[in-house]
Undergrad: 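This is the structure I want to talk about, given as structure tokens.
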Amino acid sequence: MPRYDHQEIEKRAQEKWAALDLYTTDLTNTEKEPYYLLFEFPYPSGDLHIGHWYAFAVTDIYARYLRMKGKNVLFPIGFDSFGLPAENAAMKNGADPKEWTYQNMDRMRAQIRTMGTSLDWSKEVVTSDPEYYKWTQWLFAKLFEHKLVERREAPVKWCPKDQTVLANEQVVDGKCERCGTEVVEKRLTQWFMKITDYAERLLTDLDALPWREDIKDAQRAWIGKSEGAKLSFKVVPSAEASSEDVAAIPDVSIEVFTTRPDTLYGVTYVVLAPEHKLLNELLEVLENEPDVAAYIEMTKRKTERERSENKEKTGVRLEGVMAVNPVSGEKIPLYVADYVLGSYGTGAVMAVPAHDERDFVFAKKHALPHLQVVASKNEEECFTGDGTLVASGEFSGRNNREAMADIVAKAGGVAVTNYRIRDWLVSRQRYWGCPIPVVYDPEGMPHLVPPEHLPWTLPTDVDFTPTGKAPLASSKELHERVIRIFGEGWTPEYDTLDTFVDSSWYFLRYLDPKDNHDFSDQAMLKKWLPVNRYSGGSEHTTMHLLYARFFHKALYDMALVPTSEPFNERFNRGIILGTDGQKMSKRWGNVVNPDDVVKEFGTDAVRMYLAFIGPYNEAGHYPWNLDGVSAMRRFLERVVALMEKSADTEVSQEVLRMLAKAEAKSAGDSERFKFNTALSALMVLVRDMEGLTSVPNTAYQDVLKMLAPFAPHLAEELWDKTGGEGSIHSSTRPVYDPRLLETDTVTVPVQVNGKRRGDISIAPDMEEVNVVAMALQLPTVLTAIAGKTPKRVVYVRSKIINIVVD
RNA sequence: GCUGGGGUGGCGAAAUUGGUAGACGCACCAGCCUUAGGAGCUGGCCCCGCAAGGGAUGGAGGUUCAAGUCCUCUCCCCAGCACCA
């Protein structure tokens, strides 16, 4: 027989909290220390799954913990409600994307409430509400005014299935991050946010952030800084070229980027990417123009992925022209080859087969010379290490690293820093997103929609069927609106914004969600930023997290936010796997429905199980196990049973010690997001109390307080039953004298030659000689010593004693 | 390939950062109790051994009175990046 009816107590507790309005945070409160606890707001995809529980319910444990520690906690929620799935549902079953989204949100709100979370719903933000996206548009305009948004032609990634362009960050292994379709490259005119302007700051500011090294490192890799030099190779006619051709050869130079200018004397050819602009000019003077043109055509048909997978290293020589080495004056051949990327550096490289693996492979295939300039044992092999320069003119004999700057200077080059990160492509040829607040004049020049026309609303009279053209183009209303406001000949922007723009600032809006005059409130931003702790999925390390940092820095530079970083601590949460250890998926039939489990064992047991499953401060993979939920339920039953032992008695030292120990451990571990061990301390406490003949009432209530963040409903119920005042969740956690943790006697293990032979019970401050004497009386120790005189004795106070004999 | 994080029982995991390896929980085993349950209680549960004892933290060396923790080499797993010059 269960000792409590979870459905009944859940209902009662939740009604009580609602009646007391416990979780509406007073942002202006000045008595308590503010703490901004944030988790990534959900996309309203439909029903709540176990991942939502893991994200919200476990973070809620920390919110409740902090409140009982006397903090003024802001723990908000909202919905990242623009996005593709709504549109896909519309296409699939004819639903209106808006209706689909808003119905899902209603259902999810109700489901989230069953978790017993202490979320402040009064500050909810919904990114697809015009009240919200008005400010997304306003911020877009600010970025535009500060030249951080621009429209330009560039090679971009296109998802053929979703019929839209994607940002670089949304392409994973050459596939669309959303649907897994292989992306293709296109050259299109699109809207970009200039995240590259912030590459250096996004990188260096990481150093000071208290994030885990793996998260920071992933961002560093994505930003991909590399330092090198830009060098110039003049194009000249080759010896065999006819005089007629010579005259036609344009007076141009090829700029290359290299991280190894020290190997300049070892350059044996120069390579242009097939996309290189100079090729257009050079093509007509080439003796083998058709071959080169055919090669360029061929690479165009390949995706970047196919290009990188093919390690064959194809390429065609540019016949009729040569490049001149800026330091040696030597004429070297020019090639076009697709192992060089048009999108990185200058789109051209100086090739050094002796000191670069890729050039080595290419040179071998095309029988190009191999010229070693950094000394190594085997002259025939490719050597990428450092050493002494050889065959490098006046620089021979010097260390390659040290000579680098001098070689650059002699070559007339400049030191440059390159970044791997590309500008953020923010326009999408989709319907269900924030309309880009831009209109075009009759000449086709873009203009911002003036602020008085914001929100620039999303039209409803559109055809969602993807045609490769943005659905907004089919809206009559939008056309008429533009003509009405701006005049004849003006046209609307049809693209919408990437939803990552919406989510780059939502945490600012929580601080003033209903403000109709500003995107947020400056005083509140000053008081609450940066977010103290942000928890979310590791998939956002190089997407949302990077975008939000960039966005925030841009706003900081415009003096719109008070901090240069949005988030102080960041924790990437792990994922819950199916019972089979596989990722939960309908395909494997291993999906756990949280509603069913909650119904059977209660919300508290499910929350506790998720807290107990593994450390929350690292992104582990934890298999779901229903027996674990039932174990939590069993534990809760024991807490209920323990109440029968509670009596109105004095709290003994012994009990105080138990409590102090448990509190120290469970508070410390909770602080570090290690709820698994925090809970284990609680389990030990309860077990120890079960061994007592009676439990003092106040001690029992202290146990309830420690339990409250994990099992908020049951703790509330038992709090009521034991005469607690108000809500347990507005009470403060017990504080114990730290001296309670120091015990009168400690057990110290005694080792002989590093092997444990027994232990002694002593006072912590016992003199070392006495400790040693006592240890030497242990029979097991005497046996181990076998009559020999100790050579050395190491005693670490209250920790260990080690007796060393020969 | 590069960078980062890991490798501890049948399983999820602990280990106060150099001081009793395996806390807590699951599963399992034995016993008790019983208005026989997916219930409760007690005990056991890394390996070998009746025990005393010995061996164990992917593997091999090393430093140290003492190593899961530090160093060297090596093998795996995970994540990020990857023809980025």
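Proteins get letters first, then strands, A, B, ... in listed order; numbering begins at 1 in each. Side-chain atoms are counted along with the backbone in the values below, which use heavy atoms only and exclude waters and symmetry mates. Note that the coordinates shown come from a computational prediction; the quantities given were computed from them, not determined experimentally.
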Undergrad: With C1' as the reference atom in both, quote the distance from B:G53 to B:A60 in angstrom, rounded to an integer.
TA: 27 Å

Undergrad: Hey, what's the ring geometry for A:Phe500 with A:His540, parallel, tilted or perpendicular (30° and 60° as the breaks)?
TA: perpendicular

Undergrad: Test your reading of the model: is there a side-chain donor-acceptor pair from A:Lys645 to the backbone of A:Glu690, 3.5 Å cut-off?
TA: yes

Undergrad: With 3.5 Å as the limit, what N/O pairs link the protein to nucleotides 24-33 of chain B?
TA:
{"residue": "B:C24", "atom": "OP1", "partner": "A:Arg687", "partner atom": "NH1", "Å": "2.4"}
{"residue": "B:C26", "atom": "OP1", "partner": "A:Arg634", "partner atom": "NH1", "Å": "2.6"}
{"residue": "B:C26", "atom": "O2'", "partner": "A:Asn625", "partner atom": "ND2", "Å": "3.0"}

Undergrad: Using atom P of each nucleotide, how far apart are B:G54 and B:G4 to the nearest Å?
TA: 41 Å

Undergrad: Pick the nucleotide of RNA chain B nearest each of A:Pro615 and A:Gly342; which residue has the one closer to the 5' end?
TA: A:Pro615

Undergrad: With sequence neighbours excluded, tell me which residues meet side-chain contact (heavy atoms from CB on, under 4.5 Å) with A:Leu626.
TA: A:Val597, A:Phe601, A:Trp624, A:Val629

Undergrad: In terms of side-chain geometry, is the basic nitrogen of A:Arg633 or A:Glu600 positioned less than 4.0 Å from the acidic oxygen of its partner?
TA: no

Undergrad: Fit a plane to each ring of A:Tyr547 and A:Trp424, take the angle between them on a 0 to 90° scale, and name the class: parallel (under 30°), tilted (30 to 60°) or perpendicular (over 60°).
TA: parallel

Undergrad: With rounding to the closest Å, how many angstrom separate the C1' atoms on B:C41 and B:C46?
TA: 27 Å

Undergrad: When the C1' atoms of B:C24 and B:C45 are compared, how many Å lie between them, rounded to an integer?
TA: 15 Å

Undergrad: Under the side-chain contact (heavy atoms from CB on, under 4.5 Å) rule, collect the residues that match up with A:Glu539, sequence neighbours excluded.
TA: none

Undergrad: With rounding to the closest Å, how many angstrom separate the C1' atoms on B:G9 and B:U74?
TA: 25 Å

Undergrad: Mind checking side-chain hydrogen bond (donor to acceptor under 3.5 Å, both in side chains) for A:Glu227 and listing every partner two or more places apart, or none if nothing turns up?
TA: none

Undergrad: Please report the distance separating the P of B:U8 from the corresponding atom of B:A13, rounded so that it comes out in whole Å.
TA: 9 Å

Undergrad: Below the 4.0 Å mark, does B:A15 have OP1 or OP2 next to a side-chain nitrogen or oxygen of A:Lys674?
TA: yes

Undergrad: Using a cut-off of 4.0 Å on non-hydrogen atoms, how would the nucleic acid contact of A:Val352 be classed: base, sugar-phosphate, or nothing?
TA: nothing

Undergrad: Would you sort out whether A:Phe360 and A:Phe362 count as a ring-ring contact (aromatic ring centres under 6.0 Å, His included), showing the intermediate values?
TA: CA-CA 6 Å; A:Phe360 181 79; A:Phe362 188 84; over 10 Å; no

Undergrad: Just the table, please: protein N/O against nucleotides 45-54 of chain B N/O, every pair under 3.5 Å.
TA:
{"residue": "B:G54", "atom": "OP1", "partner": "A:Arg757", "partner atom": "NH2", "Å": "3.1"}

Undergrad: Salt bridge between A:Lys225 and A:Glu200, side-chain N to carboxylate O under 4.0 Å?
TA: yes

Undergrad: In whole Å, measure the gap between the C1' atoms of B:G22 and B:U34 for me.
TA: 35 Å

Undergrad: What nitrogen or oxygen pairs link the protein and nucleotides 65-70 of chain B at under 3.5 Å?
TA:
{"residue": "B:C65", "atom": "OP1", "partner": "A:Arg792", "partner atom": "NH1", "Å": "2.8"}
{"residue": "B:C65", "atom": "O2'", "partner": "A:Asn802", "partner atom": "ND2", "Å": "2.9"}
{"residue": "B:C65", "atom": "O2", "partner": "A:Asn802", "partner atom": "ND2", "Å": "2.8"}

Undergrad: How far, in whole Å, is B:G62 from B:C48 if one measures between their C1' atoms?
TA: 28 Å

